[in-house]
Amino acid sequence: MKAHKKLDKQTFHAHLFDGMSVMVGGFMTCGTPERLIDWMLESGVKNLTVICNDAGYPEAGVGKLIAAGRVSTLIASHIGLNPIAGSMMGAETLAVTLVPQGTLAEQIRAKGAGLGGILTPTGLHTPAEAGKSRLEVDGKPYILERPIGADIALIKAREADQYGNLNYAKTARNFNPVMATAANLVFVEATCRSQAMDPETVITPHVLVDYILTEVSDGR
Amino acid sequence: MKAHKKLDKQTFHAHLFDGMSVMVGGFMTCGTPERLIDWMLESGVKNLTVICNDAGYPEAGVGKLIAAGRVSTLIASHIGLNPIAGSMMGAETLAVTLVPQGTLAEQIRAKGAGLGGILTPTGLHTPAEAGKSRLEVDGKPYILERPIGADIALIKAREADQYGNLNYAKTARNFNPVMATAANLVFVEATCRSQAMDPETVITPHVLVDYILTEVSDGR
Amino acid sequence: MDAKTIIAKRIARELHDGDLVNLGIGLPTWVANHIDPAITVHLQSENGLIGLGPSPDPKDADPDLTNAGGQPVTLQAGGMYFDSVTSFGIIRGGHVDVTVLGALEVDAEGSLASWIVPGKRVPGMGGAMDLVVGARKVIVATTHTNQGKPKIKTRCALPLTAYRQVNLIVTELAVLEVREDGLHLLELHPDTTLDTVRALTEAPLHVGTYTMMEG
Amino acid sequence: MDAKTIIAKRIARELHDGDLVNLGIGLPTWVANHIDPAITVHLQSENGLIGLGPSPDPKDADPDLTNAGGQPVTLQAGGMYFDSVTSFGIIRGGHVDVTVLGALEVDAEGSLASWIVPGKRVPGMGGAMDLVVGARKVIVATTHTNQGKPKIKTRCALPLTAYRQVNLIVTELAVLEVREDGLHLLELHPDTTLDTVRALTEAPLHVGTYTMMEG
C-alpha cells in the first residue's frame, strides 16, 4: 500500500518547491480543495504554474494564490469572475494561457492516459489555434493539442475509503478525476473517510492517489 | 424523451441492413448482448463489419455471427479463442483487422467524443503501425489513430432506469460504455429495469441510448 | 413583450421532445422558462450534469451543485452527474442537439465572436468553443444591435469563438438562417419593418418568403 | 522446483508494497502465488478491474466477473471496476508499476515478440502492446528455450509486440537485465553453468558480478 496516504501539513510542505506546476480541481470553486490551497499559501511557495478550469474568485479557489502573487502562469478556460487575475494579466504580472474547456480536459486526460496528443476541431480559426499544428484527417482539419501534466494535483473528493478510492459530490466532480491521473503526486482533500466503497461506484482508483487529507479531523 | 426506448424485434430488424457496421460490447463474451445478437442472426442481415474486442467463441458472442457467415470484416484486438474466426481469416472469407486493445478503446472514444484522432505510442515498430502515420511530439514518436464509429452499437447493461440511464455489472462493463457513445443508434440489452438510479452512479447517460430490450419481459 | 422574452420564446420553439440542450449564460438561460410543457427537453450544464432544474431557494442551495456560471441549481429526476472529460465528450461528440449562445458579433458566414474584446475584456472562452463546434444546431440569441450598432456583420471583426458553425440567429426583430450563400430572413417581428431590419443588419439579407414572429 | 515455479518465485521478488501489477495469461499468472504475504500488491486485469483475487469455487463463479482470459475470478477488498477506456488509460498512462508477460522471442534490445507466428497462429495482440509500452517496468517470464532452441535473440525475427521496452528477463536458468548496451547477467541458477546459459542464449551476454538464483 502506498504509504498510509494520510497527509499532514509538514509532509505536504516538503513536496512543494518554487516554480512547480500545480493542477487544481474545481469549477468556479465548486469542487476546489480550499484547505490544501491554504496550506500552499502558508508554505510561501511561489512562481507557480497553475492549471485550473478558471481563476476562481479573488478570495476563493486558486484566486487566493493569484491574489497573493504566487502564480506566474495560469492555464485556464476563463478568468471572468476574478478581476484581480484580469488586471494582473493586463499588467503582465500573470501570464494567462486561455484554453477551450473541453480541450483543457482532453489535454490533461492525454497526459494521464499516455497519449502524445489529440486532434480536436475546437478552436479552429480562433486565437485558440495560435502556435499549434493543424492536421487533416479524412479531409477535415483539426488542431493537434498536446498533453498537459503537472508536478502535483490538488483534488477535492467527497469520500475517500480506507484504501484511498475516491468519489465526488455532484458537480464538484468536474476536473478532479482527470487531474488525479496526470500529476506526479496526487494530494486529495476529502470531506469524509469511509471503510470501503461499492466497487462499482469508485470514480478514482486508489492507485492514483498519494496522500489524503480529511477535512475535519486530520493534519492540523 | 427519445421515443419510449422500449425495443421490440420488429423495430430492431427495421434498422438492420446488409453491409452495415455494428459495434458489440463485451470481452470474451462477458458483457455481450447475446439476445440482440440472436435477433441479428434471425434477421438474415449479412456482410457486416463487426467491431468488438474479440471474436468471442464459436457458439457465443459475435462468434455466432462469424460462424453463420454474416461478418465480412472484423475489427478486434484478438481472435484466439475462436478457431472458426482463425480459419476463416486464413481462408480469406473473413477480413480481420487486429488492433491493440487500448488503441481500439481510444479509437471508439475518439469517435464518440468528436476527436479527429489520437496519438499513441502503442504499436510503434510493430505490424499495428502498418499503413498509419507516425508523428513526433516533443521529440517522441507516436502513431496517429483515427476514430472508429458504427451504424449501430449493441450494448449489454445491468440496469436501465425508466429514463434510459445505464449501469453495468462488474467486468461486464468493458467496451460497453464507450461503444454507447460512438454509434448512430444505440441498442441496449439490460438485465433489469428500475425506476431511477442514483445520479452519482449513472455510467451511460440516457441521452446516448436509443432503444432498450429488457432480458426477461420485453419484446418476444 | 420585452426583447429578451421575444427572443427566448422564439428559440424555445426550436426545441423538440427528447433534445439535449445547452443554454449559455445570460439571455440563453431565459429559454428554459418558455419550453412547451408538453415536451421533455434535457438541459446540460457543461460543468457536469444533464437534467438541469430551476434555481433552488437560497436556503436549499448546495455548494456542490452549480451550473457553469457557478450559481446554485437543482437536478431533475432522471438527471446525472459526470466529470469534465465526459461532459465535453458529449458536447464535442455531437450528442448535444441544440446549443444557444449569446454573441458580441455574428456574421454572414455563421462565424461567432463572443468571448473576448481585446484590450478590454478577456473573460476566456470557457466551454463555448467546444459547444459551438460540437452541437448539432447552434442558435445565437442576441439583441439585434448593441447601443444602436449592428451585431450581425458581414465578417466578424472580433476574435472568433468558432468559424462557420452558427445555424440560426434569433433577435427581437428577426429570425435569420445561415446558409451557404449567407443570411436568409425566415421571420420578421410585427413591430418592425423589413427596411428597419436591413438598416440594422450589416450583413446583406436574402429575403424570399418569410413569416411573422409571434408579437 | 520446476521451471515455472523458479521463474514465478523470482519475479515475485521484483514486486513492492503498493505496486500496481498486471500479470499476463499463462506462466505470469503463477507469480501471484509467490508474492510476499507481508506486502500488498494490487493486481490489475485489463478487462476492467484492480484488485484481482483468486479463482472462485466453480459454484461461486460469476459470469460478470472474469479476467482478461475470460476465466471467472474474484475481487479483493478495496478493488473496483472500470471500463476499457479507463483501464487502458491507467495502463498506457504509466500508472502500472510492473507488467509480466510471456514471450515467443525477446531480444538484446529489449524488444518482445509474443502475439503472432505468421501463417501459424494469429491470436492477436489483445492488451499486450499497450501493457509493454505503458508499464513502468516490463518483465518477461519465459523458459530459456523452446524445444531446445534459444528464445533470447540478438534481434527478434517474429513481428514485435513492442520495440525496446523490456527491462528484465527471468528464466529458469538466469535473470537478465536489458541495458543500453545489451543483456547483462544478474543472476544464475545454481543448477546450471554460465557456459550452458551462454550456449542457450542467442544474444551476447555481458557478464560481470552476478549472484545465484534461489535453488
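All values derive from a computational prediction rather than experimental measurement. Quick note: numbers below take in every heavy atom, side chains included, and nothing from hydrogens, waters or symmetry partners. Note on naming: letters A, B, ... go to the chains in the order of the sequence lines (proteins, then strands), and numbering restarts at 1 for each one.
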Practice task
Measure the OH-OG1 distance between Tyr163(C) and Thr126(A) for me, rounded to the nearest 0.5 Å.
Solution key: 13.0 Å

Practice task
State, yes or no, whether a side-chain contact exists between Met28(A) and Thr66(C) at a heavy-atom distance under 4.5 Å.
Solution key: no

Practice task
Against chain A, work out which of Ala68(C), Ala128(C), Gly48(C) has the most heavy-atom pairs shorter than 4.5 Å and name it.
Solution key: Ala68(C)

Practice task
Determine whether more than 12 heavy atoms belonging to other residues, nucleotides or ligands lie under 6.0 Å from atom CZ of Arg121(C).
Solution key: no

Exercise for the section: For chain A, find which of Pro63(C), Ser84(C), Gly124(C) contributes the most heavy-atom pairs closer than 4.5 angstrom. Expected result: Ser84(C)

Handout entry: SG on Cys30(A) to CG on Asp62(C), rounded to 0.5 Å
Key = 8.0 Å

Problem - Interface residues of residues 140-149 of chain A facing chain C - non-hydrogen atoms under 4.5 Å apart - result: none

Handout entry: Heavy-atom pair count under 4.5 Å with chain A, highest-scoring of Thr161(C), Asp64(C), Leu65(C)
Key = Asp64(C)

Practice task
Drop me the distance from Trp115(C)'s CH2 to Leu98(A)'s CG, to the nearest 0.5 angstrom.
Solution key: 5.5 Å

Handout entry: Exceeds 12 heavy-atom contacts within 6.0 angstrom, atom CD of Glu136(A)
Key = yes

Practice task
Could you tell me which residues in residues 100-109 of chain A have at least one non-hydrogen atom under 4.5 Å from a non-hydrogen atom of chain C, sorted by residue number?
Solution key: Pro100(A), Gln101(A), Gly102(A), Thr103(A), Ala105(A), Glu106(A), Arg109(A)

Handout entry: Contact residues of residues 140-151 of chain C (partner chain A; heavy-atom separation under 4.5 angstrom)
Key = none

Problem - Nearest non-hydrogen partners of Ala128(A) and Met125(C), listed with the distance - result: CB-CE, 4.4 Å

Exercise for the section: To the nearest 0.5 angstrom, please state how far the CG atom of Asn174(A) sits from the CG atom of Leu49(C). Expected result: 11.0 Å

Practice task
Please state whether the side chain, the backbone, both or neither of Leu81(A) comes within less than 4.5 Å of a heavy atom of chain C.
Solution key: side chain

Problem - Side-chain touch Tyr168(A)/Asp83(C), heavy atoms, less than 4.5 angstrom - result: no

Fill in the blank from the handout: When the 4.5 angstrom heavy-atom criterion is applied to Val96(A) and chain C, the contacting part is neither

Practice task
With the side chain counted from C-beta on, respond yes when Thr120(A) and Arg92(C) share a heavy-atom pair under 4.5 Å apart, and no when they do not.
Solution key: yes

Fill in the blank from the handout: Between the CZ atom in Phe27(A) and the OG atom in Ser87(C), the distance rounded to the nearest 0.5 Å is 8.0 Å

Exercise for the section: Could you tell me the separation between the OG1 atom of Thr171(A) and the CZ atom of Phe82(C), rounded to the nearest 0.5 Å? Expected result: 10.5 Å

Exercise for the section: Please look at Ile79(A) and chain C and tell me whether the side chain, the backbone, both or neither of the residue comes under 4.5 angstrom of a heavy atom of that chain. Expected result: both

Completion exercise
Contact list (residues 47-76 of chain A to chain C, heavy-atom gap under 4.5 Å, by number) returns Tyr57(A)

Practice task
Among Arg158(A), Lys170(A), Arg173(A), His78(A), single out the residue with the greatest number of heavy-atom pairs under 4.5 Å to chain C.
Solution key: Lys170(A)

